[in-house]
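A quick write-up on the structure given underneath.
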Amino acid sequence: MTIRLAGIIVGLVITGILVLWSLLPGVINYSAPEKPDYYAFKEELIQPAGGFSFEGPLGKWDTAQLQRGYSVYKQVCSSCHSLQYVAFRNLQEIGFSEEEVRAEAASWQVPGIDPNTGEDIMRPADPTDHFPMPYPNETAARLANNNAYPPDLSLITKARPDGVHYVYSLNLGYKEPDPELLEKTGFETPTGLYFNVYFPNVNLAMPQQIYDGLVTYPDGTEPTAEQISADVTAFLAWTAEPKMIQRKQTGWVVIGFLLFMTALAFLSYKQVWAGMKPKKK
């Protein structure tokens, strides 16, 4: 009896702790001071018309879009942001031939060693090399960017909540703040920062990078700001999860197998117990 009573008490205590743990954040948020003034300017994330081709359970990569996105990264983003977890040879996965990968790799310079003198040099990259860092170290990166450190983009769409839509929106989020809200809230964008309605505190160290006509696409696609942002976002979604489509395809195979085994188990059950009659109560 004592053990049973102790078990009930322990269960009630644990239940109380879990209830408090669940309710406490809401109570704190409710009783906390009003949200900072920049919340008045924040907007919900957006996506391209029709979404991305790789979204959803039946999504697929659009290799033409991925190649355009790589072109945008190379021409626009690579001067500040690295792709340290991606090798040039991985570009074959988005439709580049082996010869094209070799040519692309050779168009980049990576650190090397002179075999004759042993000195540090810059050499054309090989397909096995990873994309080079734009700065030699973090200190140099901060000095070149008003003390802001440009993040590596290899996993950026996985490192941010709703990362695909966040990256797409952020590229298009540079707007003039509403004058009425400015006057009402007294909000100001500090010197050296840029107003962006999709950034967490709407003040971003990176200036606007995406404009209409910024790049020229070899396939003739019109380079609007929305198209450029969608292309580079798709490319970064691929760098973050290159096996996404294979994972989805494997998931369908697994679901099919489980359904088959469930049906087989049910039929086996019916066969084994077919001659058994339920006992009368």
Side-chain angles (χ1 to χ4, degrees), residues 47-55 59-111 122-135 141 150-160 163-172 206 208-248:
Q47 64 177 344
F52 289 96
S53 66
F54 53 83
E55 293 183 308
K60 294 183 178 180
W61 295 123
D62 181 345
T63 54
Q65 182 177 54
L66 298 183
Q67 291 182 18
R68 292 195 303 268
Y70 164 69
S71 177
V72 175
Y73 168 76
K74 181 179 180 180
Q75 297 179 58
V76 181
C77 310
S78 63
S79 60
C80 294
H81 296 277
S82 58
L83 280 180
Q84 60 177 322
Y85 299 117
V86 183
F88 290 103
R89 63 186 175 186
N90 297 135
L91 294 177
Q92 283 188 261
E93 299 175 19
I94 63 174
F96 286 100
S97 67
E98 186 175 346
E99 293 73 19
E100 289 173 330
V101 169
R102 290 184 182 277
E104 277 299 325
S107 68
W108 293 73
Q109 294 287 309
V110 298
M122 298 299 291
R123 60 171 178 81
D126 294 322
T128 53
D129 289 315
H130 285 67
F131 281 85
M133 304 290 285
Y135 302 102
D152 179 82
L153 297 183
S154 305
L155 303 173
I156 195 68
T157 62
K158 303 293 288 185
R160 301 290 186 271
V164 170
H165 297 149
Y166 170 76
V167 172
Y168 174 79
S169 302
L170 190 73
N171 287 327
L172 303 175
M206 181 180 72
Q208 184 173 358
Q209 301 293 319
I210 303 299
Y211 298 91
D212 290 337
L214 179 65
V215 298
T216 300
Y217 288 133
D219 62 3
T221 301
E222 184 180 0
T224 63
E226 290 78 9
Q227 183 68 57
I228 295 171
S229 183
D231 292 342
V232 73
T233 299
F235 175 70
L236 294 177
W238 170 77
T239 65
E241 196 173 1
K243 302 299 182 183
M244 179 196 299
I245 304 306
Q246 292 92 320
R247 174 175 57 77
K248 292 181 179 181

Please tell me whether [X] and [Y] have a donor and an acceptor in their side chains that are separated by less than 3.5 angstrom.
X	Y	answer
Gln75	Ser71	yes
Gln84	His130	no
Thr224	Asp212	no
Glu226	Tyr168	no

Would you say the side chain of [Y] lies within less than 4.5 Å of the side chain of [X], judging by non-hydrogen atoms?
X	Y	answer
Met244	Phe54	yes
Trp238	Thr63	no
Leu236	Leu83	yes

The side-chain hydrogen bond (donor to acceptor under 3.5 Å, both in side chains) partners of His81 (sequence neighbours excluded) come to none
Qualifying residues under side-chain hydrogen bond (donor to acceptor under 3.5 Å, both in side chains), relative to Asp231, sequence neighbours excluded: Gln65, Arg68, Tyr217, Gln227
Just wondering, more than 12 heavy atoms not from Glu222 lying within 6.0 Å of its CD? no
Sole candidate of Val72, Val76, Leu66 that passes side-chain contact (heavy atoms from CB on, under 4.5 Å) when paired with Val232: Val72
Euclidean distance, [Y] [atom2] relative to [X] [atom1], rounded to 0.5 Å:
X	Y	atom1	atom2	result
Cys80	Tyr135	SG	OH	3.5 Å
Glu241	Arg247	CD	CZ	4.0 Å
Leu91	Ile94	CG	CD1	5.0 Å

If the condition is side-chain contact (heavy atoms from CB on, under 4.5 Å), which residues does Thr216 pass it with, not counting sequence neighbours? none
Set of residues satisfying salt bridge (Lys or Arg N to Asp or Glu O under 4.0 Å) with respect to [X], sequence neighbours excluded:
X	answer
Arg102	Glu98
Arg123	Asp126, Asp129
Glu93	none

Can you confirm if the aromatic rings of Tyr85 and Phe131 lie within a centre distance of less than 6.0 Å? no
